[in-house]
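Each remark here refers to the structure printed beneath this line.
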Amino acid sequence: MTAAEKAPLLKLEGITKTFGPMMANDRINLALYGGEVLALLGENGAGKSTLMNIIYGIYHPDAGRILLRGKEVRISSPRDALHLGIGMVHQHFMLIGRYNAVENICLIDRSRAFSYFDKKKVRASLEALKEQYGIEVDLNCPVEQLGISMQQKIEILKLLYTGADILILDEPTAVLLPQECEALFSIIRNMTGQGKGVIFISHKLDEVLSISDRVDVLSHGRVCGHMKTAEADKNQIVHMMSGENLQDLASFEKKSPSREVVFACEGVEAYDDRRAKTLEGVSLKVHKGEIVGIAGVEGNGQNELAEVLSGVRKAHAGKLTIQGTELSTKNPESFIRQGIGYIPADRNTVGTVPDFPLYENWLLRKLHFPGKYGLIDQKALQREAGRAMEEFDVRATGFWARSANLSGGNLQKFILARELRKNPRLLICSYPTRGLDVKASYFVRSQIVAAKEQGAGVILFSGDLEELFSISDRIVVLNHGQVVGEKLPEESSQEEIILMMMGEKA
Amino acid sequence: MKSIQKLLILLLSVAAAMLIGSLLILASGANPLEAYYYMVIRPLTSVNSLGEVSMYFTPLLLVGIGVSFAFHARLSNLGGEGQILFGALGMTLMGISPVGDVLGIFSLPVGCLLGILFGILWAAIAGFLRVRFKTSEIVVTLMLNYIAQQIISYLVFFPLRSGAEPQSEKIACALPKLSSSSRINWGVVVALLLTVAYGVIMKKTRFGFRLRTLGGSEKAAVYSGVPVGRYYFAAMAISGAFCGLAGAMQISGNTMRLMEGVAGDFGFSGIVVAMLGSLHPVGLVIASLFMAVLSAGSVTMQVKTGIPTSFTSVLEALIVLFILLGMALSSRRGKHRKGGKA
Amino acid sequence: MEGATLFNTVFLTALFSSGVRQSVPLIFGSVGDCVSEKSGVMGISLEGEMLFGAFFSYFFALQSGSLWFGVLMGAAAGMVSSMLVAAWSVWLRQDQSIIGIMFNIFAAGFTNFLNRMIFGTSNANISIETFQPIPLPLLSKIPVVGEIFFHQNILTYLAVLLAVLTFLVMRKMKLGLQIAAVGENPKAAQACGISVYRYRILCYLFCGCMAGIAGASLTLGTVGTFTEAISAGRGFICLAIVILARWNPLIAVAAGFGFGSIQALQIRLQVQGSALPYQFFVALPYLITVLVLVLAGHNIRAPRELGVPFERESR
């Protein structure tokens, strides 16, 4: 590597950023050289995305300096970042769904606002870039109709089009097939070959080792290690990333579930909010004391399925049965009444009302309100909520605290307490550990396992394959709103599941 | 937000609005102190003028409660005026001959009930369209105001007209007075009792809780099993019921006849009451008292200083805009105490 | 007999010609609202800005004796007042509809107040000479159509011209692409280096400016004086037009003409007398507005983030 001898392209010094009580970045130092790939490794919630959004001008750091080619710069908006030659592919793509690739990329063009929107010119230069980097993508179709990997290619094309020489890729491989990853890597190598510096964010270790020149490890908002990839020790990195918890993660004991079917659905069909059909004949069975994990690339009908099974969304067709009797789907409340618990993916505006104090949030999904003559007994309610908060270790200033002021982990514990207190027959968990730190995730998983051990059936939607493998008894794969296969975790591998998620025949 | 902070914002907003108002008064060549004296102090100085204040207080409070019900579900009922007019129509139909003669003393309660029903019906149109077609209740309720105005206009010009003026005949039975020396009547008591009921419903019942959930986050309401459509509809209908009752009392306690403009500005002022009282029952009472004083006083002010009564709506709107400003600034300060230049 | 008088050419020509005049404020308002809604801000306060425009254009035209100066000041008044709304709703991220409602109350009260203070309580405001029709060469000679469309005052032509220009900017220029991106997905727009706040505020100011001209076209184009609440719900009719037009300024011109014609019909039938009470015709435009919202308002694709405040550092 000749890179290290040169002056760094980008240097961060003491970057600090807080969100309310949470310290997302704590005095971070980092350097990126031209012609290299710097990998930023870290668990969910370690502060990687926050740091990148600071470099890209979306967030403003509370303290710290950014130096570009040795000169201090102020990046107060993405516009500044683009002018300085910094480009970013976000984890959640920043594309306008209605626009096609050409229109999307034209938005980032340096041309003036009051100028003729020259589609032909943009298209021509895009065709050239496509050729140069070997990217195959449809330029004419509205991007919302394209698959996720296509959308990513458009994002990368956008990045190349801006001519940026500092490129940030935030979890770019999360949505890709193994062979697609290879293609991406060759594009990245092509970029570094031209002297560009690439920051590659990931939490997948193997991948990072194969593409990067250097690795920085982030944990709890701090850089806790940096090394050259060539000299990196895998075990050491694992330890740095997550500390002691990685062993615990895998240590959930599995008992074979009973044969009794607690919940079944047959031929469920449903539409999404835009009236596009997203579920096409999904059938599932959940046994007593079993966790059924649902895997799938995001947007393949998981949200709709979770909502239909919990009664939040109306199914267009299909039959639901709970312990052998047909489930009455008259209204969402009847689902609650029949013992279906639901942990929604969105904790902040679905799982709770952000402006309510916790004790009022305790009343959500409650069938019997404490009190007489139809009047709520506030004291009894507060006692009840307070006790449950203690039991589930919800850390808040008290039951008066507004749920908007709670951290994600505590809020999730609160919601979990609310659902588990009712001893549900079926518990549906939609991305229950998303965005939580390792410790809170572990707590949530162990509570889900505890619920199953008490005889509940659990349907677990998750984007985290490790989570699915560690706690589910069976993994069902969803693709384009259909069940494409079913595997036992001990007889399968992550690679196999990923292939199924991508729609390859099992 | 802490309640002390909230109260401070409210008071500062009133002060700031009155300050700007006094600039307007100065610009128009009058003395602000004198104008504000007639507007704010004078109405409170005699039993007689207090009775006048009560004529504004009752409808303001009722409409304020009605609007608050809608606001709790995050619906904006701008149709107060139309619903008041229909409520007034309900009372009138029961109060004038032939029905009024038959019902006698009962025309009062029956008229109020019919007024409530009419108010519900008129508001239910907007509620139904919102639930069934997702049509913006804001525009619909407003358009319904214009339509209601024309319907009432037609009625008082043609079928219900009595005499030379475009107005109905006098209704048979008035709201009983509280004291013989002023115009204050039992409507005030009814309105205050309903405020208590409103407070209990919102804070203590399952219905109120679910309505607030709906307003706090629609998705959370769906998640929590609330039949969202029905609740939206109910919020709108109850809102209409209170406005309808306000209209019925406007006839039976104030004008005694149906005529154009019987709804006054109460439809919109009710929104200001709801905002100023921040949907809290005690707040609503204080806010409507304050606004009633302003409204009653502005009439005297117009006579004595030449400042038109429309000055009150300028003042009212300014107060609410300042409240919103204050809330935004204080919540912003709470959020990014240190943040960059954001 | 009535049928015969209703549908002869003379009547229809006069009706639609008046319909075009009535449509001018609606076109200005809805074209402005098309742009601001595309950027994600609802024009609930259009009504109030129209009132401001109407009053100040009348006032300044009367003082200066120049109609054009009046129009200019009307536009300025609309824009300045919309700045208030933009600051509250975009920058302070308050609920757009509540701000709009309060602003409308404020505008109604304030213009009313000024009117009384300046011109006294009597309703007999001084009338001024309105913009006179300018027949367009050649085009106005076309029978019937020429009389209806090309024998109008300058504001009418200006309205159509601005609608066409707006259409071109929205469709053919990068600016239009950026504005729609802001309303569609502000986060993505921001990541493309677009300042969401700046775009939304500027779009809203444009809308306010157009609403101001709309108000001016009421006082200086048709009525010739200012009366209280002269806008009479037109701001809200504009909102319905925008939905009917699917956020396309050119269709908004056509839809505006439709609504204008209904208003003209209403006036004519009131004067002419008919079997139905005149109140029915006065209520007609409002009734149709509701119907349009119900029938045209669902199953459409509004700008995705319409009415949703944007926070820069949202997570």
Side-chain angles (χ1 to χ4, degrees), chain A residues 17 19-20 22 24 49-50 53-54 56-60 76-84 86-90 92-99 102-119 122 143-144 155 158-159 161-162 168 170 273-275 348 408 435, chain C residues 35 37-40 91 93-95 165-203 205-206 246-248 298-306 308-315:
Chain A
K17 175 76 184 171
F19 290 102
M22 203 185 77
S49 291
T50 305
N53 280 325
I54 286 174
Y56 196 57
I58 292 178
Y59 297 160
H60 301 140
S76 59
S77 69
R79 194 186 169 79
D80 292 354
L82 286 166
H83 272 287
L84 294 168
I86 302 170
M88 177 165 174
V89 174
H90 292 78
H92 300 286
F93 300 146
M94 294 294 186
L95 295 169
I96 315 289
R98 275 194 206 190
Y99 290 0
V102 175
E103 288 162 333
N104 261 298
I105 290 169
C106 193
L107 280 179
I108 210 160
D109 199 304
R110 290 253 182 109
S111 62
R112 302 173 53 134
F114 277 104
S115 61
Y116 173 66
F117 159 39
D118 197 347
K119 275 187 200 176
V122 179
V143 298
E144 66 193 359
E155 282 280 16
K158 190 158 101 180
L159 206 61
Y161 182 82
T162 61
I168 304 168
D170 194 352
D273 294 335
R274 292 198 179 140
R275 292 157 200 265
N348 300 309
Chain C
V35 175
E37 289 205 4
K38 269 282 183 189
S39 80
W91 184 57
R93 297 192 291 275
Q94 297 284 307
D95 188 315
L165 282 179
T166 308
F167 175 79
L168 289 177
V169 169
M170 293 306 282
R171 283 293 161 89
K172 297 285 171 199
M173 280 178 124
K174 198 181 154 197
L175 185 66
L177 199 68
Q178 289 178 320
I179 290 173
V182 167
E184 199 64 30
N185 187 346
K187 265 190 164 170
Q190 179 183 264
C192 288
I194 300 169
S195 163
V196 176
Y197 284 178
R198 189 182 305 157
Y199 270 66
R200 284 194 167 174
I201 288 180
L202 287 179
C203 285
L205 291 189
F206 173 74
R246 304 288 192 260
W247 293 270
N248 180 334
H298 64 134
N299 259 341
I300 52 166
R301 224 178 141 176
R304 210 184 68 185
E305 296 286 300
L306 180 60
V308 183
F310 176 71
E311 197 175 341
R312 276 202 55 171
E313 296 208 359
S314 63
R315 305 195 73 196

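- Residue A:Glu155 holds its CD atom at 6.5 Å from CZ of A:Phe93, rounded to the nearest 0.5 Å.
- Proximity to chain C involves both the backbone and the side chain of A:Asp109, based on heavy atoms less than 4.5 angstrom apart.
- Contacts of C:Gln178 with chain A are made by both backbone and side-chain atoms, with heavy-atom separations under 4.5 Å.
- With chain C as partner, the option from A:Arg79, A:Arg98, A:Met94, A:His83 having the largest number of non-hydrogen pairs under 4.5 angstrom is A:Arg98.
- Taking CG of A:Leu95 as the reference point, atom CG of A:Asn104 lies at 4.5 Å (rounded to 0.5 Å).
- When heavy atoms are compared at a cutoff of 4.5 Å, C:Ile194 approaches chain A solely by way of its side chain, counted from C-beta outward.
- Proximity of A:His90 to A:Tyr56: side-chain heavy atoms (C-beta onward) are separated by under 4.5 Å at one or more points.
- A:Lys119 places no side-chain N or O within 3.5 Å of a backbone atom of A:Glu103 that could act as its donor or acceptor partner.
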